[in-house]
Q: 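Dropping a structure here in structure tokens format, bear with me for questions.
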Amino acid sequence: MNDRTAGGLSGWFAATILLGAFLLFQVQPLFGKLLLPWFGGSPAVWTTCLMFFQMVLLAGYAYAYGLSRLRPVSRQLIVHGTLCALALLLLPITPGESWQPADGTRPVERILLLLARHVGLPYLLLAATSPLVQSWFAAAYAKGAPYRLYALSNLGSLAGLLSYPFLVEPRLTTVGQGTTWSVAFGVYAALCGVLVVRMRRLRLPGLDAPRAAPPIEHPAEPAAGGRAWAWWILLSALGSVLLMSITTHVCQNVAVIPLLWIVPLTIYLVTFIICFEKEHWYVRRWFAAAAMLAVLAASYLVLFRYLDELFLSFGLEVLWFQLTHNIVVEATLYLLLLFLLCMVCHGELVQRKPPPQRLTAFYLAVSAGGALGGILVAVVSPLVFSSYLELNLSLLAGFGLALFVFADEARTHWLPGVSRLLRGAALTLALAASAIVAWGQWEAWDREGGLLRVRNFYGVMSVKERYPQNPQWRGLALYHARTLHGFELLAPELRGKPTTYYTEDSGVGRALTAMREAGPLRVGVVGLGVGTLAAYGQRGDYFRFYEIDEDVIRLAHRYFSFLPQSAAEIDVVAGDARVSLERESDQQFHILVLDAFTGDSIPVHLLTVEAFALYLRHLRHDGVIAAHISSRYVDLVPVVTALARHCELAEAYVVWPPIGVSVKWADEHGLSLTQSQWMLLARDRQILQRSPIDEAAHVSIGQEGPLRLWTDQSNNLLEVLR
């Protein structure tokens, strides 16, 4: 049937699928960012959201699969149109403040509840759009190509993702984003209504007739067996695990922002688009070979430290190991890995796709695999592993799949005419490469270990012994992924001395010294770490720490002496700092220290106008806010400067050790080379002119161009990425 006979429905099909896919993927970063400040800014917020979306995608495909079997098709149209109308009653999707959690317990359950209540039904209907509309298309256009509509759906998804960080997030507040999305969903529901009306009026034979047998010239193929379903599910699951584990790895070491969610998800979608729209682009042997080489390179990078030791044994200092800890190099390599391995996963998926008559079953299996991967990463892995071991295991599985595909190609096209000697050489090479990959992934997992490793919703914490061969510097360190959160020297005469970011010459150390002339101090600290700042406590002082992660509190008391040996009175408040401060009476702090980190940056919700208004309520009129802004990848100086000027606060910027200090000079002067950057803010500029603050501070800080003031409703970390 041509488009004229079908009443020009092809355009309506395309518009519905495009808008549905656009909304389906735009709501993911939108709602993820909305929930991020409510749950401590953890990377697991996005992982949990992604798991929910994959599970509802499965439910949507199951709904489409079941509905597509209902005859006549006009009944399908009525059911879907009715559910779209009901979904409109749930709009807008933005949750009110009453949904904000009171504490940090049961974060996964709370996130899933929030998502189910506010976007559950709309998302399910959007998820069902692609397979359902394609089945209607197949009924209306017997000779059409519904798989092309699947590629069109992926293009809409890609547009929804890419438009968010560059168009939507910078221009709309969180509430505005939710309202705009809700209006667009209303348009989608209207498009579904148009399809219902127009298709029922046409009374097309393929739509209202009972399920017919295939034409004689296209005999029905046997139903897909268990082996086919297993391939569909496992290939999809591996792609999903790779997506989520690599995204977590990058966010954990840089910053938890929508852009770093969207880049991997975009790569993942692009592989779908290429494999389904341009099947001939997937050349099995080349992509399999490239994927194997990429995993081999990633594994070999981890082993470069052994090259360091080899060169050092000859008196040469090459430091290849530093390359492996360069997050830019590593993130680029892992994103390339994601592309190549997902091309193999999705390329093999397309190689095994069924005929159009069973496309809804195929989509159901693919979505089941995606949901399975999400559950494995977001639910099973935190319960089973004390680290992000799923990343290493998924890379090993991806290498195994690529090796299998390459071997299958070789067996089919090359090996039959090759001598036994060359076959043996090829087998030896494959075994050697497999051994290097296995060794490298083991090392990648093992290097993140230490005396103890703990994993929870907020990340992986590890306690490590550092400099064991050097009595002067030997000590224990607490790491969150690769970010150092505190270090204590173990030598008896040095134990309890503030180190790393918190030395007496650091910004916070100078602020505490300068405020000491006021007598006993009341100090508030957002973020516990190992409790290093408690080392400054004297008799009569009061230190109040706010920490969302109860495992950090436990580790700080168990392995470090700063808290138990402090002369000050110490309180540690478990829970999100902003929520706790909002519910407390005014604390009248002399100093309020902002030292909470997720990844390599302070969580955004701690650097907004509303947050600073709260801090100032708890600060004495002559008090100081000390913001720790050390970061390799994010420049927070303009953000804090804009907040200071909005709140009419004087500011001082302290970097210690000074930029350019040599290793030799620092060692001679007993300095730690952990450089810290602090911004000190006060209502009274004279406080920042006290010694020793004025000796190291840059009092006047210029801004390079205007920076939009961050609020709870409008903020964008992309603006300040280095």
Q: Evaluate the side-chain proximity of E651 to L680: yes if any heavy-atom separation is below 4.5 Å, no if none is.
A: no

Q: So how far is it from Q713 CD to T94 OG1, rounded to the nearest 0.5 Å?
A: 8.0 Å

Q: Could you measure the distance from the CG atom of D551 to the CZ atom of F457? Nearest 0.5 Å is fine.
A: 13.5 Å

Q: Quick one: closest heavy-atom pair of A556 and L528, and the distance?
A: CB-CD2, 3.9 Å

Q: So, taking the atom named CG in N715 and the one named NE2 in H605, what distance separates them when rounded to the nearest 0.5 Å?
A: 10.5 Å

Q: Tell me whether R522 contacts the main-chain N or O of Q587 through its side chain, where contact means a donor paired with an acceptor under 3.5 Å.
A: yes

Q: Grab the two heavy atoms, one from A378 and one from M244, that are nearest each other, plus how far apart they are.
A: CB-CE, 4.4 Å

Q: Indicate yes or no for a side-chain donor-acceptor contact from D635 to the backbone of V637 under 3.5 Å, with no hydrogens or angles considered.
A: yes

Q: With no hydrogens and no angle check, is any side-chain donor or acceptor of Y615 less than 3.5 Å from a backbone partner on L606?
A: yes

Q: Quick check against the 3.5 Å criterion: does R617 have a side-chain atom that pairs as donor or acceptor with the backbone of L581?
A: yes

Q: Strictly below 4.0 Å, N to O, side chains only: are D541 and R516 in salt-bridge contact?
A: yes

Q: Give a yes or no on whether the backbone of V460 and the side-chain of R455 come within a donor-acceptor separation of less than 3.5 Å.
A: no

Q: Please name the pair of heavy atoms, one in I693 and one in I687, separated by the smallest distance, quoted to 0.1 Å.
A: CD1-O, 4.0 Å

Q: In terms of the angle between their ring planes, are Y546 and F589 parallel, tilted or perpendicular, with boundaries placed at 30° and 60°?
A: perpendicular

Q: Strictly distance-based, threshold 3.5 Å: is any side-chain N or O of R539 a donor or acceptor partner for the main-chain N or O of P520?
A: no

Q: Are D595 and Y502 close enough, and set up right, to give a side-chain hydrogen bond (donor to acceptor under 3.5 Å, both in side chains), and what steps lead you there?
A: CA-CA 10 Å; D595 189 38; Y502 315 102; 2.7 Å; yes

Q: Which is it for F597 and I602 under the side-chain contact (heavy atoms from CB on, under 4.5 Å) test, yes or no, and what are the steps along the way?
A: CA-CA 4 Å; F597 275 74; I602 301 177; 4.1 Å; yes

Q: Report yes if some heavy atom in the side chain of C647 is under 4.5 Å from a heavy atom in the side chain of L616; otherwise report no.
A: yes

Q: Rounded to the nearest 0.5 Å, how far does CG of D694 lie from CD of Q689?
A: 7.5 Å

Q: Evaluate the ring pair (Phe, Tyr, Trp, His ring centres under 6.0 Å) criterion for residues Y458 and H480: first the C-alpha distance (whole Å), next the side-chain angles of each, then the deciding distance (0.1 Å), finally the verdict.
A: CA-CA 9 Å; Y458 301 103; H480 184 255; 8.9 Å; no

Q: Whether R110 engages the ring of W99 as a cation-pi pair (distance to the six-membered ring centre under 6.0 angstrom, angle to the ring normal within 45°) should be assessed.
A: no

Q: Quick check: do L476 and F560 have side-chain heavy atoms less than 4.5 Å from each other?
A: yes

Q: Could you tell me which non-hydrogen atom of A626 sits nearest to which non-hydrogen atom of V508, and how far apart they are?
A: CB-CG2, 4.3 Å

Q: Would Y542 and D571 count as a side-chain hydrogen bond (donor to acceptor under 3.5 Å, both in side chains) if you check the C-alpha gap in whole Å, the side-chain angles of each, and the deciding distance to 0.1 Å?
A: CA-CA 8 Å; Y542 175 71; D571 274 336; 2.7 Å; yes

Q: Determine whether L533 and V523 make a side-chain contact, defined as any pair of heavy atoms from C-beta on separated by less than 4.5 Å.
A: no

Q: Would V640 and L607 satisfy side-chain contact (heavy atoms from CB on, under 4.5 Å), going step by step from the backbone distance to the final call?
A: CA-CA 7 Å; V640 179; L607 294 176; 4.3 Å; yes

Q: Could you give the distance from CG (L484) to NZ (K464), rounded to the nearest 0.5 Å?
A: 10.0 Å

Q: Ignoring hydrogens, what is the shortest heavy-atom contact between A535 and P498? Give both atom names and the distance.
A: CB-CD, 4.0 Å

Q: Given side chains that start at C-beta, do those of V604 and L36 come closer than 4.5 Å, heavy atoms only?
A: no

Q: Please lay out, stage by stage, how E390 and F385 fare under the test side-chain contact (heavy atoms from CB on, under 4.5 Å).
A: CA-CA 8 Å; E390 65 270 20; F385 304 138; 3.7 Å; yes

Q: Answer whether the closest heavy-atom distance between the side chains of R510 and W656 falls below 4.5 Å.
A: yes

Q: Do you see a donor-acceptor pair shorter than 3.5 Å between the side chains of S676 and S506?
A: no

Q: Could you tell me whether R683 and D622 make a salt bridge, using a distance below 4.0 angstrom between a side-chain N and a carboxylate O?
A: no

Q: Is it true that atom CD of E648 has more than 12 heavy atoms of other residues, nucleotides or ligands lying nearer than 6.0 Å?
A: no

Q: Atom CH2 in W710, atom CG in L643: separation rounded to 0.5 Å?
A: 8.5 Å

Q: A side-chain contact here means heavy atoms from C-beta on lying under 4.5 Å apart; do H628 and Y501 qualify?
A: yes

Q: Are any of the side-chain nitrogens in D712 or R578 under 4.0 Å away from the carboxylate oxygens of its partner?
A: yes

Q: Do S714 and T173 pass the side-chain hydrogen bond (donor to acceptor under 3.5 Å, both in side chains) test, and can you show the C-alpha distance, the side-chain angles, and the key distance before you say yes or no?
A: CA-CA 5 Å; S714 179; T173 64; over 6 Å; no

Q: Which heavy atom of R583 sits nearest to which heavy atom of P101, and what is that distance?
A: NH2-O, 4.3 Å

Q: Which is it for C49 and F31 under the side-chain contact (heavy atoms from CB on, under 4.5 Å) test, yes or no, and what are the steps along the way?
A: CA-CA 8 Å; C49 288; F31 216 86; 5.6 Å; no

Q: Would you kindly say whether T499 and E488 are connected by a side-chain donor-acceptor distance under 3.5 Å?
A: no

Q: If you draw a 6.0 Å radius around CD in Q686, do more than 12 non-hydrogen atoms from other residues or ligands fall strictly inside?
A: no

Q: Does a side chain donor of either Q28 or Y164 reach within less than 3.5 Å of an acceptor in the other side chain?
A: no

Q: Do I570 and F545 have side chains that approach each other closer than 4.5 Å (heavy atoms only, starting at C-beta)?
A: yes

Q: Between K33 and E169, is there a side-chain N and carboxylate O pair less than 4.0 Å apart?
A: yes

Q: Donor-acceptor pair, distance only, cut-off 3.5 Å: does the side chain of Y536 make one with the backbone of E504?
A: yes

Q: Do the side chain of S566 and the main chain of A534 share a donor and acceptor less than 3.5 angstrom apart?
A: yes

Q: Judged by modelled atom types alone, do E584 and S580 share a side-chain donor-acceptor pair under 3.5 Å?
A: no

Q: Assess the side chains of H485 and T483: does a donor N or O sit below 3.5 Å from an acceptor N or O?
A: no

